[in-house]
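Here's the structure we're looking at; comments come further down.
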Amino acid sequence: LTHEELATRLEAPLGTIKSWVRRGLLRLKGCLER
Amino acid sequence: MTTQEREEADILAGEYVLGTLAGAERARFEARLAAEPELRVLVDEWTNRLAPLADALPAVEPSPEVWRRIEAALPPRVSAAVAPSLLSRLGFWRWSAIGGALATAVLALFIAFGPKPLGDADHIVVLNDAQGKPAVIVVADVRTNTVAVKQLAAAPPAGRVYQLWLLADANQPPKPIGIMTPAAAVPHAMPAGLKDALPRASGIAVSLEPPGGSPTGLPTGPVLYHGPVIALAH
């Protein structure tokens, strides 16, 4: 799913989705590198 | 790259692997990827991080309702003219979580039985190999007592044949239902008993056997391919 598709499916603004994905990736990376 | 540029590139690489990066942004990133080896390293790192998560997700099996809708959406006669619309439909399936397996099965059906209308079949079996790749497709119509078996996998080694087995249920041994031959790809009459047994069977398997088939009535060679029987509602 693309950012746009996620925004449509989750009914959230595109900017919010991008920020969620970004935060999620950073946290995931943090978890895996600890 | 400054630290900030590197952080930014790392997020882009993550989004790229995740698949959320799309359109112009994706094209821009791919262009950079070709020119900047550093980005390739970041992409590889994200692939290693995210791939185990994708593997851990359970496979989503299509429900009978999906098959019914596919059938309803298919034209009664399949011809070359409808192929592009089928491909665009496949794009949708790939996009949805139902995904690859179904698209492969439908596509394989059309490759194998292109000019033959799908409406003639009420049961199909896609037999996959150990890697999950379709190896054999069985299309059957119990109402007209016809069956066609298309072999997608390579021919058996010299001096061996592929033998088909009907898997009834856990309490019953597999029942031999024929040796695979190239001629079996043409719809033909079902072997005796298959008409009644197929709708109740759980699956079909293929084993490697000596010429003429297993001498014992049970598989003696390795079981190479198997798949579940899928009933198409009419």
Side-chain angles (χ1 to χ4, degrees), chain A, chain B residues 1-30 32-33 38-60 88-100 102-103:
Chain A
L1 294 175
T2 65
H3 286 130
E4 283 77 9
E5 285 163 348
L6 283 173
T8 309
R9 284 224 177 166
L10 299 178
E11 294 175 15
L14 187 58
T16 308
I17 294 292
K18 285 191 178 175
S19 134
W20 282 350
V21 168
R22 186 190 183 95
R23 286 212 313 260
L25 285 171
L26 284 174
R27 280 173 65 179
L28 182 67
K29 194 180 167 193
C31 286
L32 293 174
E33 279 171 358
R34 205 165 291 151
Chain B
M1 254 194 257
T2 67
T3 308
Q4 202 193 336
E5 277 169 352
R6 196 184 150 74
E7 269 174 21
E8 193 54 40
D10 196 27
I11 290 295
L12 284 173
E15 292 175 340
Y16 174 74
V17 174
L18 199 58
T20 55
L21 198 67
E25 285 180 308
R26 192 174 186 88
R28 237 184 350 259
F29 184 80
E30 279 174 345
R32 282 186 63 189
L33 199 56
E38 281 174 80
L39 286 189
R40 172 52 60 189
V41 173
L42 295 174
V43 164
D44 288 345
E45 284 174 3
W46 276 112
T47 305
N48 289 336
R49 283 184 202 116
L50 294 174
L53 296 179
D55 289 343
L57 289 173
V60 178
S88 62
R89 262 186 241 287
L90 289 182
F92 167 75
W93 293 117
R94 199 171 302 124
W95 174 85
S96 76
I98 292 156
L102 181 59

| note | Rounded to the nearest 0.5 Å, the CG atom of A:L26 sits from the CD1 atom of B:I11 at a distance of 3.5 Å

| query | Would you find more than 12 non-hydrogen atoms of other residues, nucleotides or ligands less than 6.0 Å from B:E5 atom CD? | reply | yes

| field | Rounded distance (nearest 0.5 Å) linking atom CG of B:D10 with atom NZ of A:K29 | value | 3.5 Å

| field | Nearest-0.5 Å distance that lies between atom CD in B:E8 and atom CZ in A:R22 | value | 4.5 Å

| said: Looking at A:K18 and B:E25, is there a salt bridge between them, counting it only when a charged N and a carboxylate O are closer than 4.0 Å? | reply: yes

| said: Once rounded to the nearest 0.5 Å, what's the spacing between atom CG of A:L25 and atom OG1 of B:T20? | reply: 7.0 Å

| request: Could you pull out the closest heavy-atom pair between A:T2 and B:A22, with the gap in Å? | output: CG2-CB, 3.3 Å

| Considering only heavy atoms, which portion of A:L28 lies under 4.5 Å from any heavy atom of chain B: side chain, backbone, both, or neither? | side chain

| message | Taking 4.5 Å as the heavy-atom cut-off, does anything in residues 38-50 of chain B contact chain A, and if so which residues? | response | B:W46, B:R49, B:L50

